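See structure below.
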Amino acid sequence: MSSAENYFITTPIFYVNDVPHIGHGYTEVATDVLARWNRQNGKNTWLLTGTDEHGQKILRTSIANSVSPKEWADKLVAEAWKPLLETITIQNDDFIRTTDERHETAVQKFLQKLKDDGFIYSGEYEGYYCVGCEEYKQPGDLLEGGEDFPGDKVCAIHTRPVEILKESNYFFRMSDFQQKLLDLYESRPEFIQPESVRNEIISFVKRGLDDLSISRASFDWGVKIPWDDSHVVYVWFDALLNYITATGWGSNEAEFAQRWPAIHIVGKDIARFHAVIWPAMLMAAGLEPPKRVFGHGWLLVGGEKMSKSKLTGIAPHEITDVFGSDAFRYYFMSAINFGQDGSFSWEDLAARYQAELANGFGNLASRVIAMVSRYCNDVVPAATEMNDADAVIVDTVTNAFGNANAAIDRLAIHDAISAVWTIVDALNLYITEQEPWVLAKDEANRDRLNTVLYTAVEGLRAIAVGLSPVMPLATAKLWDALGLAEALGGIADQHLSRAGQWGITPDGLRVSALDALFPRIEE
Ligand code: MSP
């Protein structure tokens with residue numbers, strides 16, 4: 001087993017009641033960029049994603065579609081959720097489904113352990129439940145139904161009536177963990193991020209924790225409670241366990257010891273499950289809490305959280321079919337500060353595609369390669385004497401990677417991209433000012449022309465590496481066109497922590513023609 005540092009990062013597992021929209025794609029891409037960055041830096045990286053398939057929401061959807069819940073889940077996983085990963089170029093290491101045997105067996109084992117250790121008892125639950133959220137609700141979480149649902153209480157998120165439950169359930173002694181959770185938040189301030197989510201969770205836990213109902217007896221689509229098969233496990237209790245059942249807990253302790261704990265990337269709507277219920281479950285089982293829970297913001301459409309149930313959902317392929325997967329990834333990662341909400345609009349996407357990708361980066365790449373072809377017969381020249389203008393580029397590259405690597409460590413993906421983008425801007429300015437096409441007119445300028453073109457190619461090398469976790473397809477094309485693959489190996493093997501060094505590109509490389517990286521989009 002390698003001694004490299006471990007980097008285990010997860011997405012939420014997605015409900016299969018419906019097909020993915022760009023909000024789901026957003027979480028996947030952010031997690032994938034962080035994973036690629038760290039993988040490329042030589043860490044022993046593991047990206048886990050998957051699907052959440054039990055519970056009433058999926059059961060009801062399957063009934064409405066006249067198939068069994070398992071048939072429904074199989075269909076959605078095969079036709080929608082796994083294809084999503086290809087659509088947006090996700091390089092996951094595993095895909096867990098909560099209907100996998102490996103998962104169900106380990107969930108039962110976990111429950112039995114908590115029961116044996118005295119953390120589970122049977123009791124009566126009486127209260128509200130939102131099937132859309134798959135969550136028990138407090139009266140304070142609800143709104144009045146108003147004109148649409150007179151007399152009913154509705155969920156503030158789904159604006160649909162909640163159900164009133166009265167059931168005998170098994171309960172998890174979550175209230176035992178209130179102080180331990182507060183101590184965890186206090187001693188590890190980075191545990192919940194960003195700060196806004198951390199503050200909200202701390203005040204929630206300070207208000208007091210109830211024990212949690214962890215079983216349901218009124219339907220049977222779920223993992224059976226091992227000592228009482230008239231109950232199934234509450235879907236969130238089942239789902240949260242995916243992070244450890246997929247990495248060997250209960251079946252392969254060596255793997256589990258190596259991978260755990262994880263960094264969880266989730267939407268802020270579900271940060272509470274991950275930062276309260278989940279660490280309490282782990283503590284009860286004597287396991288380490290996660291390394292971090294990062295609650296990112298929402299994609300808004302017309303000012304509202306994008307959602308299928310409100311018909312504001314846009315499918316990821318609607319964007320990638322037109323702009324490509326790299327543009328999808330770049331747009332959402334650069335236009336929105338990771339951790340804050342961001343509004344999606346087609347106009348903004350199209351404008352940034354044209355200005356930043358086609359004109360800013362794509363043109364730069366094509367022009368530099370075309371000049372090396374034309375003025376140097378396809379061969380990257382050696383630099384000779386360097387002047388102040390060249391030194392600006394060298395410094396820009398060094399600083400960019402210092403800043404970008406630091407940004408990724410604090411999960412600030414947008415800052416990492418802006419840091420790399422300083423090279424794009426500096427190099428565009430450099431070429432405008434150095435005017436290689438003027439230098440090329442007089443053979444007396446040959447040394448200067450060579451230095452300018454080498455500097456431009458070396459700058460492009462740095463840009464390609466720096467953007468490769470975000471835009472793996474375009475940067476690999478550029479890498480090949482620059483002839484770097486033969487000299488330095490694949491782009492995915494270039495360490496970002498070392499990419500800021502100057503002079504990595506050897507002279508004498510043979511470049512080849514590059515089709516537009518970001519072609520013009522017809523209206
Ligand atoms: N199944 C649960 C998660 C269980 S994890 C143990 C679930 N699934 S979900 O399919 O409803 O949504 C999962 C995630 O999708 C959200 O946490 C969030 O990461 C992402 N998003 C859903 N809508 C979104 C937006 N409008 N904007 C950004 N992300 C969104 O919750």
Side-chain angles (χ1 to χ4, degrees), residues 9-32 34 48-58 61 73 76-77 80-81 84 88 90 95-99 103 107 110 130-135 155 157-158 197 222-223 233-247 262-279 281-282 290 293-316 328 331-333 335-344 413:
I9 189 162
T10 69
T11 72
I13 51 172
F14 299 91
Y15 288 128
V16 293
N17 61 308
D18 210 339
V19 297
H21 59 59
I22 59 178
H24 306 123
Y26 177 67
T27 307
E28 287 280 5
V29 168
T31 311
D32 186 59
L34 294 168
L48 173 66
T49 188
T51 43
D52 190 352
E53 305 185 8
H54 292 130
Q56 263 170 305
K57 175 149 75 176
I58 285 137
T61 308
L76 270 276
V77 168
W81 289 94
L84 168 70
I88 52 178
I90 304 300
F95 187 100
I96 186 152
R97 302 179 54 181
T98 53
T99 51
H103 176 74
V107 167
F110 189 92
C130 170
V131 175
C133 299
E134 293 284 15
E135 186 178 9
C155 163
I157 297 165
H158 290 90
V197 175
V223 179
V233 179
Y234 167 45
V235 60
W236 266 101
F237 212 80
D238 163 359
L240 288 162
L241 285 166
N242 89 85
Y243 303 125
I244 64 170
T245 63
T247 41
I263 296 172
H264 297 310
I265 304 295
V266 301
K268 64 182 177 182
D269 48 333
I270 59 170
R272 209 193 268 181
F273 293 92
H274 285 81
V276 180
I277 301 179
W278 179 224
M281 290 165 65
L282 289 162
V293 176
F294 189 96
H296 66 66
W298 288 340
L299 296 191
L300 310 174
V301 172
E304 275 202 51
K305 180 182 180 221
M306 167 170 314
S307 88
K308 276 272 169 182
S309 59
K310 293 194 173 155
L311 301 177
T312 49
I314 299 168
F328 181 102
Y331 173 69
F332 288 110
M333 293 301 108
I336 301 172
N337 280 12
F338 196 52
Q340 291 171 16
D341 291 348
S343 293
F344 169 78
I413 301 171

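Indexing begins at 1, ligand by ligand and atom by atom, following the structure's order. In this chain, residues are counted from 1 in sequence order. Treat the numbers as computed from the prediction; the structure is a model and nothing was measured.
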* To do: Check A239 against T98 and note the closest heavy-atom contact, atom names and distance.
  =>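 So the two residues come closest at CA-CG2, 4.3 Å.
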* Structure fact -> Heavy-atom closest pair (I58 atom, N17 atom, distance to 0.1 Å) is CG1-N, 3.7 Å
* Is it true that K57 and E134 make a salt bridge, defined as a side-chain N closer than 4.0 Å to a carboxylate O? -> no
* Kindly indicate, with the supporting measurements, whether the criterion side-chain contact (heavy atoms from CB on, under 4.5 Å) is fulfilled by C130 and I157. => CA-CA 9 Å; C130 170; I157 297 165; over 6 Å; no
* How many angstroms lie between CD1 in I413 and CG in L34, if you round to the nearest 0.5 Å? ->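 If we round to the nearest 0.5 Å, I413:CD1 and L34:CG are 4.0 Å apart.
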* Return the protein residues near ligand 1 (heavy atom under 4.0 Å from any of its atoms), ordered by chain and residue number. =>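 Near ligand 1, by chain and number: P12, I13, F14, Y15, H21, G23, H24, T27, D52, W236, A239, L240, N242, Y243, V266, G267, D269, I270, H274, H296, G297, W298, L299, K305, M306.
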* **Aromatic ring proximity Y243/H274, centre distance under 6.0 Å** => yes
